[in-house]
Engineer: 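Here's a structure for you.
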Amino acid sequence: MSSDNQTAQEALTFADLGLSPKVLSAVTDAGYTKPTPIQAGAIPHALQGKDILGIAQTGTGKTAAFVLPMITRLEKGRARARMPRTLILEPTRELAAQVEENFVKYGKNHKLNIALLIGGVSFDEQEKKLERGADVLIATPGRLLDHRERGKLLLTGVEILVIDEADRMLDMGFIPDIERICEMIPFTRQTLFFSATMPPEITKLTEKFLQAPVRVEVAKAATTAATVTQRLVKSGSKAWDKRETLRRIIREEEPEIKNAIIFCNRKVDVAELYRSLTRHEFDAGALHGDMDQRARMAMLAAFREGKLKLLVASDVAARGLDIPDVSHVFNYDIPIHSEDYVHRIGRTGRAGRSGKAFTIVTKADQKYLDAIEKLTGQKLEWHDGDLSTVVASAEDDSPRRSRGGKPERASRSRTGEKRERGRSGKLPSEPARMEKYVPDEAMETAPVAEMPGAAMPGAARAERSEPAPRPREEHKPQPARNDNRPRRDEEHRPRREDRPRRRDDDLDDGTIGFGDDMPAFMKVSAKV
DNA sequence: AAAAAAT
């Protein structure tokens with residue numbers, strides 16, 4: 001690129017990119033005037049119908065770089081039944097929903113039919129939208145193929161195809177699906193392809209499916225931002241020991257914590273740690289892929305809106321998700337793959353702000369620590385002494401010893417069955433004392449976001465003396481489950497009167513189907 | 001010693 005262009009680009013505003021007036025006005029309303037580098041680089045070419053190879057990470061404004069030109073181009077022509085005009089493929093459900101939000105925001109002056117095809121949600125609503133004719137189809141690969149096999153979807157009318165986060169699709173084993181899907185779409189289409197990195201498999205894919213693409217690359221964010229203070233925290237390796245270490249660090253950091261993500265390597269540990277933290281009256285929520293879709297969305301929304309201070313999460317939350325800058329990242333588990341460390345840490349210290357990242361390390365973690373230090377090329381500092389200073393008793397002591405808090409027996413039911421959350425990944429429980437705030441009926445029918453154990457943990461609600469959720473004026477007596485899977489945990493459940501006085505069972509029952517409580521983001525199909 | 005995604 002010539003230096004003339006470079007200078008010109010710095011002075012660019014959205015008005016210079018060739019977007020339609022209606023799109024421009026939505027952008028202005030959203031408060032943006034100056035495009036990011038990826039937007040300035042990609043939008044003019046995308047408007048000309050060229051294929052784009054965008055190499056950019058999240059947080060660079062990548063989504064708007066394809067959403068804005070797409071809406072402009074969609075102004076001509078209209079959708080036919082079962083033949084979507086554009087298709088955007090995303091690796092995760094949350095990302096797909098996020099892209100939908102962008103279409104709603106920037107398409108507010110248009111009558112766009114938007115269909116979101118993701119798993120974990122009933123087919124009916126999605127099929128109706130397809131039937132009506134979708135201008136914009138946003139999908140995760142599995143559900144998209146499922147719809148196609150049911151014959152409800154023809155991809156022969158797709159004019160623009162977007163493949164987002166291609167390298168992540170690769171990590172998740174989606175590449176064969178992506179290839180299948182690409183082959184169903186006529187080659188006269190325009191293809192916009194985005195990836196944060198370009199491993200060989202991805203390069204091959206671009207060679208196969210892009211035609212004379214314009215390559216737009218934006219500077220990689222520094223691997224681990226210089227503004228992030230990273231510290232290692234030694235701990236005994238028992239789970240209770242790690243939880244105690246975590247609580248200690250959180251309390252130490254408390255005055256500085258605006259909001260934080262706590263990463264665990266495994267979903268069961270997310271659920272368990274979440275229960276433990278709420279029991280210790282921390283303002284925490286949970287997010288992992290086995291939670292039902294509503295709960296996932298509700299948690300994310302609550303965290304984004306600042307209603308939750310701590311989010312315990314699996315690596316779903318490590319990449320891509322549009323979570324605002326957090327002040328702290330805690331790695332309750334050290335990541336097994338060192339790249340994940342970089343992604344997790346990347347959730348803080350964005351846009352030049354300062355952030356802190358603490359990683360709990362046990363003796364068994366040494367090799368993963370070595371890998372991280374090798375990858376980032378820096379030696380990480382210990383917060384208060386390295387592993388050689390871990391107290392020996394911490395390793396062999398009984399986990400049931402007294403240590404100030406309540407015994408952490410949450411993972412066992414009365415029958416001794418381990419209360420693991422299966423595929424359906426129910427929400428973890430909340431403190432029993434919440435019962436006095438919440439009438440049973442409300443628990444059965446309130447949306448997850450209003451449930452104390454979900455978006456607003458009991459401690460937080462009590463402190464802020466907010467009113468308990470009221471029963472909904474109108475509700476279906478028995479919200480339907482959105483799938484027919486058998487309840488795996490049903491046979492193990494104690495009878496109602498035998499159950500401990502915790503409300504997580506009610507959460508299970510009340511939150512699976514959508515009933516009348518379908519979140520707004522899933523209803524959107526037309527102009528807003 | 002993992003997570004994610006169709007069921």
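Convention: sequence-line order gives letters A, B, ...; per-chain numbering from 1. What you see is a predicted model; the values in this text were computed from it and never measured.
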Engineer: Take atom CG of D365(A) and atom C1' of dA1(B), then tell me their distance rounded to the nearest Å.
Structural biologist: 9 Å
Engineer: Measuring from the side chain of I336(A) (C-beta onward, heavy atoms only), which nucleotide among dT7(B), dA1(B), dA5(B) has the closest atom?
Structural biologist: dA1(B)
Engineer: Using the test side-chain hydrogen bond (donor to acceptor under 3.5 Å, both in side chains), find all partners of R80(A) that sit at least two apart in sequence or belong to another chain.
Structural biologist: none
Engineer: Within this structure, what is the CD1-to-P distance between I163(A) and dA5(B), rounded to whole angstrom?
Structural biologist: 19 Å
Engineer: Looking across every strand, which nucleic acid part, if any, lies under 4.0 Å from D269(A) by heavy atom: base, sugar-phosphate, or nothing?
Structural biologist: nothing
Engineer: Taking CZ from R148(A) and C1' from dA6(B), how many angstroms apart are they, rounded to a whole number?
Structural biologist: 15 Å
Engineer: Calculate the interatomic distance between Y368(A) atom OH and dA1(B) atom P; express it in whole Å.
Structural biologist: 9 Å
Engineer: Whether the side chain of R143(A) engages the backbone of A139(A) through a donor-acceptor N/O pair (distance < 3.5 Å, no angle test) should be reported.
Structural biologist: no
Engineer: NA contact type, D333(A), heavy-atom cut-off 4.0 Å: base, sugar-phosphate, or nothing?
Structural biologist: nothing
Engineer: Grab the two heavy atoms, one from E131(A) and one from A81(A), that are nearest each other, plus how far apart they are.
Structural biologist: O-CB, 3.0 Å
Engineer: Mind checking R296(A) for me? I need base, sugar-phosphate or nothing, with any heavy atom below 4.0 Å counting as a touch.
Structural biologist: sugar-phosphate
Engineer: Which residues satisfy the salt bridge (Lys or Arg N to Asp or Glu O under 4.0 Å) test with D365(A), sequence neighbours excluded?
Structural biologist: none
Engineer: Grab the CG-P distance between D177(A) and dA5(B) for me, whole Å please.
Structural biologist: 13 Å
Engineer: Look at the side chain of H337(A) against the base of dA2(B) and say whether a donor-acceptor pair falls under 3.5 Å; ignore hydrogens and angles.
Structural biologist: yes
